[in-house]
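Note on naming: letters A, B, ... go to the chains in the order of the sequence lines (proteins, then strands), and numbering restarts at 1 for each one.
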Protein chains: 2
Amino acid sequence: MSRQARRFKDATYQLIAEVGRAVTSPRRLELLELLAQGPRTVEAIAQHSGQSVANTSQHLQVLRAARLVEVEREGVRMRYRLADARVTEFCLALRRLAEARAEELGALTRDFLADRGLLEAVDQEELLGRVARGEVLVIDVRPVEEYQAGHIPGARSVPLAELQGRLAELPKRSPIVAYCRGPYCVLAIEAVSRLRALGFRADRLEAGVPDWSARGLPLETGLITRAGGAR
Amino acid sequence: MSRQARRFKDATYQLIAEVGRAVTSPRRLELLELLAQGPRTVEAIAQHSGQSVANTSQHLQVLRAARLVEVEREGVRMRYRLADARVTEFCLALRRLAEARAEELGALTRDFLADRGLLEAVDQEELLGRVARGEVLVIDVRPVEEYQAGHIPGARSVPLAELQGRLAELPKRSPIVAYCRGPYCVLAIEAVSRLRALGFRADRLEAGVPDWSARGLPLETGLITRAGGAR
DNA sequence: AGCTTATTCAAGCATTCACTTGAATGCTAG
DNA sequence: CTAGCATTCAAGTGAATGCTTGAATAAGCT
């Protein structure tokens, strides 16, 4: 191989790897998954991921350098968002590959969920039908902002943080399905766990909004569905 | 978030990132792309990538730990292969993401190719038809073993190394299309460059075998198509 | 202008990584 | 069973990475 060709090849793989490396840090993966829920400010991201603001900022710089996220000034703060849908798709692809490879990942999830008796996640195809027929109340337990940025049609926003105080809005007898950010997000697990302890018939939808939209399924945005709907 | 949930989350992202990290080294990317062409021994891989055998072996260990490649003893040597097709698909996805993100990559390729006037790559859809109609001779310029492991239907094996001595087999007037391992492989570029210098009507197919099969297009294996076909 | 606040930069430290070199392993063939 | 060879392991070095702390920017508000 000519020297020129070798240099070309090296440079090429270098560039590809740079994108890959940005995605290849547990911390940054978490940030990306968080941003897949919707735009956030640095402070919000830092708080959510339990990291220092400076550290979070640095990770965001790395992601930005790889053009995986974009940033926009909003008054006194900076709002980060994913650069485009391909990034989400890529993250999902990576996760799928990891699942296929690492048996441990599946085992880990099963252990964690089995501990709490939350294994049975509701099938997505089935869900839409049940929602449409009013047989089930779907609640979105993520923070309100994420709900507003996009949610499963017909879902009602009941952030986990507010769950305790809004139990009166929930049906005692008919089933409830909770969802959050995806299979590795613990909000819905937590919510279902609490609801069951209180006697509700609650189940968990494994898919989150990113999975949902990646399947080409529709999303609603904006409006808040308050009590009264499927109750 | 509960301490338990945080540990769960950390462990999860850690596992995903481990797979990611394996893919995220320029060197290992090159190895994967090479293995996508077919199984190889350590020595062959080392020689091809211009690395020391020990270093290559170590990279292969990393890939093996991530279950991206498998190894099999064959007499006195070890033969490595990709674990399954998903790995190939993932590499292609990464490359596409990288292309979309890094404008530089496109620029780099363009520069390199423009230097040699090899910009126009032949469209894949069009190609099959032209091959079927016998309007064009497709040559596979990779080493014979890779050709045997799988090639584009109707293509003739003319390894770059043998090109010089086999010019008599090639048509002087009707067009020739050369392909190799993919857009970043330089074999076809080299081949077309030489052929043109000699007055042949040669073009380059940008896609390689991995791209080809990833699109669900058929591959032939084994047989060697010798002179006489589309000449 | 001057002050406040969110974010970023810079320096420093411990850890990890890539590659080299030289020796050890494990297999086959004679 | 032993010689020979492909491959792997182990130790060492220089560079890169992740995280922390403390200071510097930049925009908005008074």
Query raised in the report: When you check the side-chain N and O atoms of A/His59 and A/Arg27, is any donor under 3.5 Å from an acceptor?
Result: no
Requested in this report: Provide, to the nearest angstrom, the distance between the CD atom belonging to B/Glu72 and the C1' atom belonging to D/dT7.
Outcome: 16 Å
Query raised in the report: Any sub-3.5 Å donor-acceptor pair from A/Arg73's side-chain atoms to A/Met78's backbone N or O?
Result: no
Query raised in the report: Is any NZ, NE, NH1 or NH2 atom of the basic residue among A/Arg166 and A/Glu169 found under 4.0 Å from an Asp or Glu carboxylate oxygen of the other?
Result: yes
Query raised in the report: Which whole-number value in Å describes the distance from B/Leu60 CG to C/dA18 C1'?
Result: 14 Å
Query raised in the report: What is the distance from CZ of A/Arg77 to C1' of D/dG28, rounded to the nearest Å?
Result: 12 Å
Query - Atom pair distance, as rounded to whole Å: CZ in B/Arg73 and C1' in C/dT28 - result: 9 Å
Query raised in the report: Given C/dT8, is OP1 or OP2 found less than 4.0 Å from the side-chain N or O atoms of A/Ser57?
Result: yes
Requested in this report: Indicate yes or no for a side-chain donor-acceptor contact from A/Tyr80 to the backbone of A/Glu72 under 3.5 Å, with no hydrogens or angles considered.
Outcome: no
Report summary line: Closest of C/dT7, D/dT8, D/dA6 to the B/Glu43 side chain is D/dA6
Report task. Applying side-chain contact (heavy atoms from CB on, under 4.5 Å), name anything that partners B/Gln164, two or more places apart in sequence or on another chain. Result -> B/Leu167, B/Arg194, B/Leu198
Query - B/His151 (side chain) donor-acceptor with B/Tyr147 (main chain) under 3.5 angstrom - result: yes
Could you list all N or O pairs between the protein and nucleotides 16-21 of chain D that sit under 3.5 Å apart?
residue : atom : partner : partner atom : Å
D/dT17  : OP1  : A/Arg21 : NH1          : 3.1
D/dG18  : OP1  : A/Arg28 : NH2          : 3.3
D/dC19  : OP1  : A/Arg27 : NE           : 3.4
D/dC19  : OP2  : A/Asn55 : ND2          : 3.4
D/dC19  : OP2  : A/His59 : NE2          : 2.4
D/dC19  : O5'  : A/Asn55 : ND2          : 3.2
D/dT20  : OP2  : A/Ser52 : OG           : 3.3
D/dT20  : O4   : A/Gln58 : NE2          : 3.4

**Report entry** N or O in side chain of A/Tyr80 less than 4.0 angstrom from C/dT8 OP1/OP2
**Finding:** yes
Query - Cationic N near anionic O, under 4.0 Å, A/Arg81 to A/Glu70 - result: no
**Report entry** Atom-pair distance (CZ on B/Arg79; C1' on D/dA6), nearest Å
**Finding:** 13 Å
Query raised in the report: A/Ile45 has an atom CD1; how far is it from atom P of C/dT8, in whole Å?
Result: 9 Å
Query - Euclidean distance, atom CD of residue B/Gln61 to atom P of C/dC19 [Å, nearest integer] - result: 15 Å
Query raised in the report: How many Å lie between CD on A/Glu74 and P on D/dG28, as a whole number?
Result: 11 Å
